[in-house]
Each structure stands twice: as structure tokens, then as C-alpha cells.
Number of protein chains: 2
Amino acid sequence: MDTKSKLLSAAEQMFDRHGYTATGMDRLTAAAGMSSRTLYKHAGSKALLLTEVLAAREKRFMAGMEVTSVDALFVAVETWLREEGRRGCLFLRSLAETGGDAPEIAGVVLAHKAAFRARLGEIVAAELGPGAHEALTEQILVLFEGAIHAAVYRGPQAAASARAAAAVLLREARA
Amino acid sequence: MDTKSKLLSAAEQMFDRHGYTATGMDRLTAAAGMSSRTLYKHAGSKALLLTEVLAAREKRFMAGMEVTSVDALFVAVETWLREEGRRGCLFLRSLAETGGDAPEIAGVVLAHKAAFRARLGEIVAAELGPGAHEALTEQILVLFEGAIHAAVYRGPQAAASARAAAAVLLREARA
DNA sequence: GTACATGTAAAACGATCGGTTTACATCGCA
DNA sequence: TGCGATGTAAACCGATCGTTTTACATGTAC
């Protein structure tokens, strides 16, 4: 594994487990197994490192969500929760930790959420056919965020609850 | 307002807006309008201050959720979001920022979530009559967390979406 | 009238913060 | 052979961290 990806995966793990602000650069260099000089050459700054971590995570997450039905989406969410942990949404946590200041970070986070919502809209449209499904998409988005965050204390089966609820909503929408 | 409650409300605002770790004690004393000596006499430490802030917030939040129907619950959630802001759940954020270490904080957070889930179980039972409604309670819990967190980027009307979805689930459960 | 509780202002504690710098090693490639 | 890119190790920068301390001002109650 090359230096850059070693850095990104170590940083993602540290930020996710201990939080962005609480993770010092010394612990980052130790976890990544490199000198601070090398780290700064690759990342530029701590804030830029976070944006790169989030960009890589978004790519991996969205790849896992390449599904064609709402039901499969929540199965994918449960898999993600089991494999990537249940510490809440790293994007929203990053936004909250920086207080919404730090425009680079806020930009990455909000862009990711917008992209996911667009993806969700496509999935819903694929199931229900063309037409406006704004309200239903919004409800499933709420179920998605709920699965991610309830999983922190209820476990990955929160995604199964969301999946069952979404099935009811879809059946209702088709009727 | 006496010293202690002045401290607690200032600290809650600072922790909520800028995050726990990112808020220094100097900014806390400035916001609370008191010397660091007085602050430490009342709070003991930064971590203990957070637990007191969370305890006070839980009391206020649970008071706002004293409702007798799921529908009224989500109305109350929307009101909370409009009045208290949409920066995500301060309890889950505190847990994430401390990485789950700091047992005093993790304890307060998990106790709050357990208490709210119990409350939710009562509300559901009041609507559907006695009997086991575990699965439905779990689904509405997911909608609740989803409303809180989707509101960060979709606005307080995320609670209205959750409300509409919950109505469908309840109608289905009664049928 | 003096003891006590409650407060302020400000200096100081050692530790750690994000970030830079200096000095030196190793490697592939011309 | 030599040069540039890439890396390490570690000292160093000023600032800030959470916390304690010293010194002093109140008001209130025995």
C-alpha cells in the first residue's frame, strides 16, 4: 500500500474512533507509520486531510449503495454498519465538530448528502416509475439517517427495522 | 439567573455550536461571564460539566416529549428542532467525540437513549393497547433518529416527513 | 467584628496543539 | 556517477490545552 492510501485509511480510522478534534497529529503520524514531514507533504493540513478522508469514504460508501431497490438499499446499509462500525455518520459528525465553519469540510459533507439523496431519488423512481415521489423519497431518507444513528445504540439491526418500515411505505405508495 | 444555571446554559450553547473538544475553558468562562476558579468550583472538570449539561438537556427534552400519541410526538420533535436548532443529537455527538471512552459521559448518553425508548414504548402501547409492539416501536425510534439527523441538512420539516411515515406504519399496525 | 462563603482577575502549571525546519538516509533513473 | 524525489528522526515554533494557584474584593451571618 502506498504512502497516501496508508495515510488516508489510518486517518479515517482515527477520526472515526476518536473524533477529528481529539486526534492529534502525533497520533496520526504514529498510526500511519510515517513522519510528520511526509504527512504534511501529502495532506497539506489537518483540515485538508479530513476532506480527503471524507472524499475517499464517500466513494467507498456510494459504491456499496449501488443497488436498484429500496429493499436492497437497507440490506446494503446493514452490511455497511456491520463492516464499518456504528459510530454514527462521519460526515455529519465532521460537520458538527467543526461547527459548520471550515467551508471546505462543510462543502464536502453537504455535497455528499445531496449526492446520496439524488441517488435515493433514482432508486425510488426505478421502483415506482416516473413521476414525482418527493414525499416518499424524503421519508425513506429519514429512515436511512435513522438506521445509521439508531444503530449506535440499537445495533446494525436498526437497518432491518428501517427496511421493514420502508417496505410498508412502498406498498402504501403503490396502492 | 444564578451562577450554576448561567454556566450550564452557556456551556450547552458552546458545546452544541462548536463541539465539546473544540470549546476551550477560556471561551467557556468568557461565555458564562465568570472566572475559571468559579467555574471549576461549580463544575469540577470539563467532562463533569458536559455530563451536567446533558442531564439538564435531557430533562428539558423529555419535558417537551410528554405527549400521548406518536403523531403529537413528531409535532413536538419539529418544535424542538425549530427552537433548539438542527445540529444533530448532542448526546450522540458527545458520545462520538469522546470515542465512547469517558464512562461518565457514555453512561449519561446511553441512559438517555434507553429512557427515551422506554417513553416511546409507552406512547405506542397507549395507542395500540396492551401487547407487544417491539417491532413497531423500533421502527418509530428509527424515524425519530432520522428526523433529528436529516434535519441537519433538510431542515425541521424532516420531522414532518417522519410524522407522515409514522402515520402509515400505525395505520398498518391497527389493520 | 470577625469568620465564612462566594466571587473576580490574572499568573502560572506542565502538557499538548497544528505546523515548520534542519539534517540525514535511501532509492530509481539519467 | 550524480541528481532529484521520497522518505525518516527529532528538535523547534508560538499558541492553546485543562487545571491550579495566589492575591484580593465582596456580602452576609453569628
Side-chain angles (χ1 to χ4, degrees), chain A residues 1-54 90 93-106 108, chain B residues 1-54 90 93-106 108:
Chain A
M1 192 156 54
D2 65 336
T3 309
K4 185 67 172 283
S5 41
K6 200 169 60 171
L7 169 59
L8 287 183
S9 84
E12 180 175 0
Q13 196 171 137
M14 294 294 280
F15 289 158
D16 186 45
R17 284 193 206 271
H18 308 294
Y20 171 68
T21 313
T23 300
M25 298 308 282
D26 54 343
R27 263 169 277 194
L28 235 25
T29 58
M34 65 185 57
S35 68
S36 71
R37 191 156 205 260
T38 301
L39 189 151
Y40 273 95
K41 182 156 292 192
H42 281 71
S45 73
K46 194 190 184 187
L48 281 175
L49 176 59
L50 176 57
T51 67
E52 292 202 59
V53 163
L54 291 179
L90 187 58
R93 287 167 55 202
S94 300
L95 188 67
E97 275 210 56
T98 56
D101 321 321
E104 335 102 270
I105 294 168
V108 176
Chain B
M1 191 156 55
D2 65 337
T3 309
K4 185 68 173 281
S5 39
K6 200 170 57 171
L7 169 58
L8 287 183
S9 84
E12 180 175 0
Q13 196 171 138
M14 294 294 280
F15 289 159
D16 186 46
R17 284 193 205 270
H18 308 293
Y20 171 68
T21 313
T23 301
M25 298 307 281
D26 55 341
R27 264 169 275 193
L28 236 23
T29 57
M34 64 186 55
S35 67
S36 71
R37 188 153 205 252
T38 301
L39 188 153
Y40 273 94
K41 183 158 290 189
H42 281 58
S45 73
K46 194 190 182 187
L48 281 175
L49 176 59
L50 176 57
T51 68
E52 293 202 60
V53 163
L54 291 179
L90 187 59
R93 286 167 54 200
S94 300
L95 187 67
E97 274 211 56
T98 57
D101 322 321
E104 336 101 271
I105 293 168
V108 175

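The figures here come from the full heavy-atom set of this structure, side chains too, leaving out hydrogens, waters and symmetry mates. In the text below, chain A, chain B and the rest are named by the order of the sequence lines, each starting its count at 1. Computed from a predicted structure; not experimentally measured.
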- side chain to side chain contact (heavy atoms under 4.5 Å, CB included) evaluation trace for B:Leu49 with B:Leu8: CA-CA 8 Å; B:Leu49 176 59; B:Leu8 287 183; 3.9 Å; yes
- side chain to side chain contact (heavy atoms under 4.5 Å, CB included) between B:Thr51 and B:Leu54: does it pass, once the steps are laid out? CA-CA 5 Å; B:Thr51 68; B:Leu54 291 179; 5.7 Å; no
- Item | Evaluation steps, side chain to side chain contact (heavy atoms under 4.5 Å, CB included), between B:Leu95 and B:Ile105 | CA-CA 7 Å; B:Leu95 187 67; B:Ile105 293 168; 5.5 Å; no
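Contact annotation: A:His42 does not reach the phosphate of D:dT6 (side-chain N/O to OP1 or OP2, under 4.0 Å).
Residues forming a side chain to side chain donor-acceptor pair (under 3.5 Å) with B:Glu12 (at least two apart in sequence, or on another chain): B:Arg57, B:Arg60. Residues passing the side chain to side chain donor-acceptor pair (under 3.5 Å) test with A:Lys41, sequence neighbours excluded: none. Partners of B:Lys6 by salt bridge (charged side-chain N to carboxylate O under 4.0 Å, His left out), not counting sequence neighbours: none found. Applying the side chain to side chain donor-acceptor pair (under 3.5 Å) test to B:Thr98 and every residue at least two apart in sequence or in another chain returns nothing. In this view, A:Thr21 and A:Glu97 satisfy the side chain to side chain donor-acceptor pair (under 3.5 Å) rule, not counting sequence neighbours. Remark: A:Gln13 engages A:Arg17 in a side chain to side chain contact (heavy atoms under 4.5 Å, CB included) (not counting sequence neighbours).
At whole-Å resolution of the value, CG in A:Leu28 and P in C:dG18 are 9 Å apart. Regarding A:Leu50, its CG atom lies at a distance of 12 Å from the P atom of C:dG18, rounded to whole Å. When rounded to the nearest whole Å, the span between CE of A:Met25 and C1' of C:dT20 equals 12 Å. Distance, B:Tyr40 OH to C:dG7 C1': 18 Å, rounded to whole Å. Distance A:Leu39 CG to C:dC17 P: 14 Å, rounded to the nearest Å. The CG-C1' distance, from B:Leu49 to D:dT19, rounds to 14 Å in whole Å. Rounded to whole angstrom, the span from the CG atom of B:Leu48 across to the C1' atom of D:dT19 amounts to 13 Å.
A distance of 9.0 Å separates CG of B:Leu50 from NZ of B:Lys46, quoted to the nearest 0.5 Å. Within the model, atoms CG of B:Leu28 and CG of B:Leu39 stand 6.0 Å from one another, a figure rounded to the nearest 0.5 Å. Distance check: B:Ser45 OG to B:Met25 CE gives 7.5 Å after rounding to the nearest 0.5 Å.
Ranking C:dT20, D:dT19, C:dG7 by closeness to the B:Ser45 side chain, first place goes to D:dT19. Counting only heavy atoms from C-beta on, A:Lys46 has its side chain closest to C:dG19 among D:dG18, C:dG19, D:dT8.
Here the closest heavy-atom approach between residue A:Gly100 and residue A:Ala106 is recorded as O-CB, 4.0 Å.
At least one donor-acceptor pair under 3.5 Å links the side chain of A:Thr23 to the backbone N or O of A:Gly19.
In terms of position along DNA chain C, the nucleotide closest to B:Lys6 lies nearer the 5' end than the nucleotide closest to the other residue of the pair B:Lys6 and A:Gly44.
Rounded to 10°, the angle separating the first-five-pair axis and the last-five-pair axis of the helix from C:dG1-D:dC30 to C:dC29-D:dG2 equals 10°.
Among residue pairs with one or both ends in residues 9-47 of chain A, those qualifying as ring-ring contact (aromatic ring centres under 6.0 Å, His included) are A:Phe15-A:Tyr20; sequence neighbours excluded.
The stretch residues 7-21 of chain B has no heavy atom under 4.0 Å from DNA chain D, so no residue of it qualifies as close. Taking every heavy atom of residues 97-105 of chain A and every atom of DNA chain C, no pair lies under 4.0 Å.
For the pair B:Leu7/B:Glu52, no side-chain contact is recorded, criterion being any heavy-atom separation below 4.5 Å from C-beta on. Using a 4.5 Å heavy-atom cutoff, the side chains of A:Ser94 and A:Leu90 are in contact.
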Atom pairs, N/O to N/O, protein against nucleotides 10-12 of chain C, distance under 3.5 Å?
none

Using nucleotides 14-16 of chain D, report all nitrogen or oxygen pairs with the protein that are shorter than 3.5 Å.
none

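As judged by a 4.0 angstrom heavy-atom cut-off over every strand, B:Thr23 is placed among residues touching the sugar-phosphate backbone only.
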